[in-house]
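Below: the structure, in structure tokens.
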Amino acid sequence: MPAYPGVRRLLGAVLFLLATLAPARSAPADDPDAVRIGVLAFLGAEAAIGEWSPVQRRVQAALPGRTVSLVQLDHRGLRDAAAAGEIDFLITNPGHYVELEAELGASRILTLDPGPPRTPERSIGSAVIVQAGSGGLRTLADLRGKRLAVVSTEGFGGFQTVWRELAAQGIDPQRDLAELKVVGLPMTNVFEAVARGDVDAGVVRSCLLESREEWRRDFAVLDARKEADFPCASSTRLYPDWPLATLRHTPTALARDVTLALLGMSADRDGMEWAVPADYQAVHEMFRELQIGPYAYLREPTLMVLAERYWPWIATFALLLAAWILYTVRVEHLVHARTAELRAALAAREALEARIRANQEQADHLARLSVLGELAGTLAHELNQPLATIANYAQSLIRRSDNGRLTDDAVREASAEIAGQAERAAGILGRIRGFARKRAAVRERVAPGTLVAEAVALFRGMLANAPDIAVDDALPADASVDVDPLQIQQVLLNLLKNGYDAARGLPPERQRLAVRIGKGAGESAGHAHITVRDYGCGLDAAARERLFEPFFTTKPDGLGLGLSICRTIAEAHRGRLTVDGTGEAPGCEFILSLPLAPSASAPTESRSTHAADR
Ligand code: ADP
């Protein structure tokens with residue numbers, strides 16, 4: 001076999017692999033005796049197992065009843081296995097450890113001790129290598145616009161440590177380099193890429209370079225630092241060495257046994273040594289500066305950053321918003337002002353209407369009094385008649401009593417006559433009082449025939465020699481109008497009196513009056529028509545023009561207000577007062593038209609004629 005050292009080495013490696021990996025593969029995940037140590041494959045699986053196998057042997061020796069195995073995984077695999085509880089310990093690079101500490105509660109119990117002159121705290125750095133003699137590249141700042149090879153962008157010593165130094169120079173590897181070439185594991189790929197000239201520079205873990213003989217012949221290190229107690233060339237600050245960490249589910253007793261076992265390792269005997277856990281603050285600072293790993297949240301844009309980035313939009317939006325608010329406030333203000341104006345105008349109008357109503361009522365009242373005033377003379381005469389009759393009967397009773405001829409029959413007859421006359425006088429006075437009283441307008445549903453009968457009775461009661469008044473009611477019995485009865489009586493009384501006045505001094509046959517009650521037709525359909533006809537002097541064209549003007553009168557003692565007020569009353573009842581030509585016939589005809597109340601729609605018409613009894 002000495003003739004085939006290569007084959008022997010290969011065989012040895014295979015046997016070794018079988019010896020170390022077999023338990024890991026065969027131990028089922030739920031084997032309670034299994035102790036699994038996850039390791040980050042750094043130079044590929046083979047190298048990882050080769051590098052960490054002393055750990056497995058040492059722990060296995062300390063825990064004879066357990067099956068200890070190494071599980072080599074990449075970054076993601078190690079994280080997933082830790083999260084799934086498939087490993088009890090993990091050995092990984094400082095950067096990855098800090099991430100798992102934050103995410104999964106990994107807790108270091110030991111840090112690899114690189115041995116003098118290095119210390120566990122200052123053990124890892126990175127070298128940025130270029131081909132020896134490449135004059136243009138001397139410092140990290142020279143890398144701008146150049147091609148850089150890295151094992152992976154997740155590697156700690158292979159990339160992140162250099163990233164921090166580049167960032168300090170204002171270089172963003174993703175943006176400012178011509179190319180960030182990922183060459184993958186093993187790390188020796190970087191040497192090859194640089195040597196071949198595929199890239200201008202490459203990143204390797206410190207001390208890896210020094211493991212190659214005569215490296216200075218081929219490579220140079222950019223910005224090599226003078227670090228005390230550090231024997232290798234480094235382009236970056238130094239960081240603590242790899243930790244061995246427990247996970248949340250790792251039993252404390254097991255952690256203690258493993259710690260004690262590994263602290264007992266020595267470089268001479270086992271090829272590696274472990275020390276108490278180092279301080280990983282430097283790694284935290286690096287991550288914070290780069291805003292990655294547990295500090296990735298710092299990259300999320302703050303309000304300030306957003307404001308700086310989008311200020312033109314924000315300013316435009318703010319301006320628009322301000323304009324909109326101003327506009328809204330102005331419109332609101334205008335609406336308020338306009339509403340107040342309208343309210344004031346409405347209140348003023350209502351006050352005016354109330355005043356007009358009061359004045360109208362006052363005028364109505366005066367008009368009624370004026371009609372009474374005009375009739376007062378005849379009224380006194382009319383009342384005089386029953387009073388004289390009463391006095392006659394009373395004196396006749398006294399006389400008979402004095403003569404001793406007072407019989408019971410005579411007393412009864414005289415008393416009955418006195419009572420009848422007194423009742424007649426009281427009736428006249430009662431109607432006049434009711435007509436003259438002052439009160440606010442009302443609305444009552446009454447039959448037009450009733451209104452006419454009342455007005456005619458009042459008119460007759462006030463005149464000593466009242467003319468013949470024929471009343472013809474052609475409306476259905478249930479026809480009615482919604483009116484103020486007193487106001488309509490006032491209108492009718494005025495019309496009757498005007499008709500009576502127009503025939504004064506004319507022959508008796510022209511002194512009659514006629515009142516017709518019927519339904520309007522055409523434009524006036526749905527209205528009741530009360531027509532007052534006289535056979536008096538009639539109207540000439542000039543008088544017909546001015547008839548309804550206030551203060552137009554042809555009578556020496558007239559006021560000229562009657563017809564004007566009558567028309568106002570008719571219109572207040574949504575009706576009309578018109579005068580009609582009478583053709584050949586003498587006299588004239590006034591028509592009061594009033595809307596019929598809704599229920600007055602009986603199809604049949606009954607007709608009744610009241611002939612005047614006098
Ligand atoms: P007044 O009776 O106080 O004069 P009116 O307004 O009632 O006031 O009448 C105004 C005028 O209209 C009367 O003076 C009269 O000239 C005329 N008039 C009213 N009714 C008739 C009528 N039936 N026939 C003729 N003229 C009339």
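Counting starts at 1 for both ligands and their atoms, following the listed order. These figures come from a predicted structure and were not determined experimentally. Values below: all heavy atoms of this structure, side chains included; hydrogens, waters and symmetry mates excluded.
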Query - ligand 1 contact on Leu495 by region, counting heavy-atom pairs under 4.0 Å - result: neither
**Report entry** Asp176/Arg144 under salt bridge (charged side-chain N to carboxylate O under 4.0 Å, His left out): CA gap, chis, key distance, verdict
**Finding:** CA-CA 6 Å; Asp176 300 327; Arg144 191 185 290 274; 3.7 Å; yes
**Report entry** Full working for salt bridge (charged side-chain N to carboxylate O under 4.0 Å, His left out) between Arg445 and Asp482
**Finding:** CA-CA 4 Å; Arg445 184 159 294 190; Asp482 290 328; 2.8 Å; yes
Query raised in the report: Are any of the N or O atoms of Lys497 closer than 3.5 Å to those of ligand 1?
Result: no
Query raised in the report: Would Ala543 count as a contact of ligand 1 if the rule is a heavy atom under 4.0 Å away?
Result: no
Query raised in the report: Side chains of Val515 and Leu496: does their closest heavy-atom pair fall under 4.5 Å?
Result: yes
Requested in this report: Could you tell me whether ligand 1 has any atom less than 4.0 Å away from a heavy atom of Gly560?
Outcome: yes
Report task. Taking the side chain as every heavy atom from C-beta outward, state whether Tyr500 and Phe459 have any pair of such atoms under 4.5 Å apart. Result -> yes
Report task. Could you tell me which atoms of ligand 1, counted from 1 in the order shown, lie closer than 4.0 angstrom to a heavy atom of Leu547? Result -> 12 (O), 17 (C), 18 (N)
Query raised in the report: Charged N to carboxylate O below 4.0 Å: is that the case for Arg357 and Glu361?
Result: no
Query raised in the report: What atoms of ligand 1 come within less than 4.0 Å of a heavy atom belonging to Cys588?
Result: 22 (C), 23 (N), 24 (N)
Requested in this report: For a side chain to side chain contact (heavy atoms under 4.5 Å, CB included) with Leu334, tell me which candidate from Glu332, His336, Arg330 qualifies.
Outcome: Arg330
**Report entry** Close-contact set for ligand 1 against Ala502 heavy atoms, below 4.0 Å
**Finding:** 22 (C), 24 (N), 25 (C)
Query - Any N/O pair Thr553/ligand 1 closer than 3.5 Å - result: yes
Report task. Answer yes when Asp501 and Lys555 have at least one side-chain N-carboxylate O distance shorter than 4.0 Å, and no when they do not. Result -> yes
Report task. Compute the minimum heavy-atom distance from Phe590 to ligand 1 and say whether it is under 4.0 Å. Result -> yes
